[in-house]
Amino acid sequence: MGATETGWSFARRTHSFSSELTTILAGSPPGVLSLAGGFPNPATFPTEVLDDTVERLVRDDAGVALQYAPCEGVPSFRSYLADRQEQTQGRRPELAELMVTSGGMECIALACQALVDPGDPIAVEAPTYLGALMAFARYEADVHGIAMDADGIVVEALAERLEAGLRPKLLYVIPDYQNPSGRTLTLQRRHALVELCRRHGVLVLEDVAYRELSFDGTALPSLWSLAPDVVLQAGTFSKLFAPGVRLGWAAGPAAVVAELAAAKQTTDQCSGALGQRLVEEYGRAGNFERRLPAARELYATHWRAVRRAFEQHMPDGCTWSEPAGGFFAWLRLPDGLDAVELRAAAAEGGVAYVPGAPFYSGDGGRDELRLAFSYLSEDDLGEAVRRLAEVIS
Ligand SMILES: Cc1ncc(COP(=O)(O)O)c(C=O)c1O
């Protein structure tokens with residue numbers, strides 16, 4: 001590898017960098033209504049219940065909350081997490097099957113570090129979460145997209161690939177209100193998927209980032225609860241509490257969790273104890289049950305505003321997904337339109353979105369785009385969709 005113009009010789013893995021996530025996190029210029037970033041709505045942040053808790057933790061529990069923690073997590077928080085898995089997913093992990101991570105994204109990166117050598121195949125939904133695709137590229141995986149339809153990943157399409165000899169180290173799936181498509185894997189397919197993966201010895205990496213954010217409060221069984229022997233679950237408190245705590249979990253086969261913990265020793269060694277104790281106190285006091293219904297209702301109201309605006313303004317030839325939860329809708333443009341090319345005109349017209357192509361490992365997504373309805377107000381969402389429809393027309 002040659003030296004760069006700065007004189008530094010960067011690693012081969014740096015060549016995989018996609019700037020799309022940086023663009024999203026940087027935000028939009030004034031006057032542009034952004035449907036780009038999937039940020040939780042700050043109205044859902046539990047600010048008013050946290051003051052007292054933080055004060056109490058710092059006063060009474062500084063020895064734990066401000067100290068290094070065990071790599072797998074603060075013991076009392078890990079035990080709370082196990083209780084919570086049982087409560088929300090109907091299965092209680094053994095201690096060795098569960099660890100704390102610094103968000104869902106770290107769990108994905110740890111799974112790569114533990115399981116993926118350069119060139120190893122990974123199967124993903126097509127399209128899938130951009131952050132995960134970027135991690136897979138960094139670990140130099142050979143990523144294979146598996147077709148989706150309105151009911152989630154097409155299990156027969158995966159079966160065909162496995163029967164043709166594909167041996168993925170991981171199958172990465174987001175079964176609930178997927179980022180980016182908003183689609184949900186049906187119950188029947190969940191059973192078929194874990195059965196297929198068990199038969200072929202494929203480890204499923206299940207990302208449940210939005211699972212508890214259905215619009216109607218219901219949830220389908222997680223893949224991990226159906227098949228804890230072949231599923232590693234990546235969970236996060238970013239959408240349920242706040243991304244600022246950078247807290248999540250990994251639940252899966254003990255041997256896999258042990259390797260993730262070993263990998264974590266070389267990243268941040270432990271997730272922040274203050275955040276762990278904060279979420280534990282918050283959760284043990286019943287605040288998730290108390291507050292999640294309002295968050296679900298807020299996102300449901302936002303989606304209804306977007307759907308109304310779609311129906312009112314979108315020209316013929318546009319179609320969209322019908323999310324039952326989460327933050328995202330997926331729009332298909334009329335024939336011949338290209339979402340990347342349209343982006344500049346959209347910004348001119350005062351609206352931002354993420355084009356579909358970066359969400360695919362291979363080709364695909366030219367005529368698709370992702371719209372996040374989590375952040376803007378209802379009025380702004382309506383106006384953003386109207387502006388977008390005008391640009392498309
Ligand atoms: C599907 C999915 N997984 C994981 C993450 C990462 O979340 P965290 O903040 O927990 O790292 C996101 C964030 O947007 C996401 O959409």
Side-chain angles (χ1 to χ4, degrees), residues 18 20-27 34-42 44-45 73 81 84 99-113 122 124-136 138 148 152-153 170-185 204-214 222-224 231-251 260 264 267-268 271-272 275-276 278-279 295 299 321 323 325-330 353-354 356 358-361 370-375:
S18 153
E20 200 60 54
L21 205 60
T22 316
T23 310
I24 294 171
L25 292 172
S34 179
L35 300 164
F39 290 83
N41 196 293
T44 67
F45 294 161
L81 272 184
R84 191 160 199 280
M99 66 179 275
V100 175
T101 63
S102 298
M105 193 58 224
E106 195 205 18
C107 183
I108 295 168
L110 294 176
C112 289
Q113 214 190 115
I122 291 183
V124 301
E125 294 162 313
T128 191
Y129 171 48
L130 182 56
L133 280 179
M134 287 168 66
F136 300 151
R138 277 263 151 170
M148 295 184 88
I153 190 168
L170 290 171
L171 165 70
Y172 173 69
V173 284
I174 309 160
D176 317 284
Y177 333 119
Q178 197 228 27
N179 180 1
S181 71
R183 297 166 186 147
T184 295
L185 189 65
V204 180
L205 175 54
E206 175 191 35
D207 186 331
V208 291
Y210 303 93
R211 179 172 184 273
E212 293 180 56
L213 290 176
S214 64
S222 68
L223 300 179
W224 170 78
V231 178
L232 171 65
Q233 179 176 90
T236 176
F237 287 100
S238 287
K239 330 289 174 180
L240 305 176
F241 183 83
V245 287
R246 308 305 303 128
L247 219 53
W249 66 89
L260 261 58
K264 191 172 169 68
T267 59
D268 61 359
S271 300
Q276 297 185 49
L278 198 56
V279 174
Y299 294 126
S321 63
F327 291 2
F328 305 106
W330 191 239
Y353 59 82
V354 186
F359 298 104
Y360 286 84
S361 57
R370 187 191 78 174
L371 301 177
F373 51 78
S374 49
Y375 192 80

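Indexing begins at 1, ligand by ligand and atom by atom, following the structure's order.
Closest protein heavy atom to atom 16 (O) of ligand 1: Y210 OH, 2.6 Å. Regarding atom 9 (O) of ligand 1, its nearest protein heavy-atom neighbour is S238 OG, 2.6 Å. The nearest heavy-atom contact from the protein to atom 10 (O) of ligand 1 is T236 OG1, 2.5 Å. From the protein, the heavy atom lying nearest to atom 2 (C) of ligand 1 is D207 OD2, 3.4 Å. Atom 6 (C) of ligand 1 has its closest protein heavy atom at Y129 OH, 3.5 Å.
For the pair W249/V100, no side-chain contact is recorded, criterion being any heavy-atom separation below 4.5 Å from C-beta on. A heavy-atom distance below 4.5 Å is not found between the side chains of L213 and D176.
Of all the listed residues (K239, R246, Q178), K239 holds the heavy atom that lies closest to atom 13 (C) of ligand 1.
An N or O contact shorter than 3.5 Å is missing between L247 and ligand 1 by distance.
Under 4.0 angstrom from ligand 1, there are no non-hydrogen atoms of F237. Within the 4.0 Å heavy-atom criterion, the part of A209 lying near ligand 1 is the side chain and not the backbone.
Side-chain contact annotation: N41 with Y299, donor-acceptor N/O pair under 3.5 Å absent. The closest side-chain donor-acceptor pair between T184 and Q178, if any, does not fall under 3.5 angstrom. Under the 3.5 Å distance criterion, with hydrogens and angles disregarded, a donor-acceptor pair is assigned to the side chains of S271 and S102.
Two rings, from Y129 and Y172, have their centers 6.0 Å or more apart.
Those atoms of ligand 1 with a heavy atom of N179 less than 4.0 angstrom away are 1 (C), 15 (C), 16 (O).
Atom CD1 in I174 sits 8.0 Å away from atom CE in M148 (nearest 0.5 Å).
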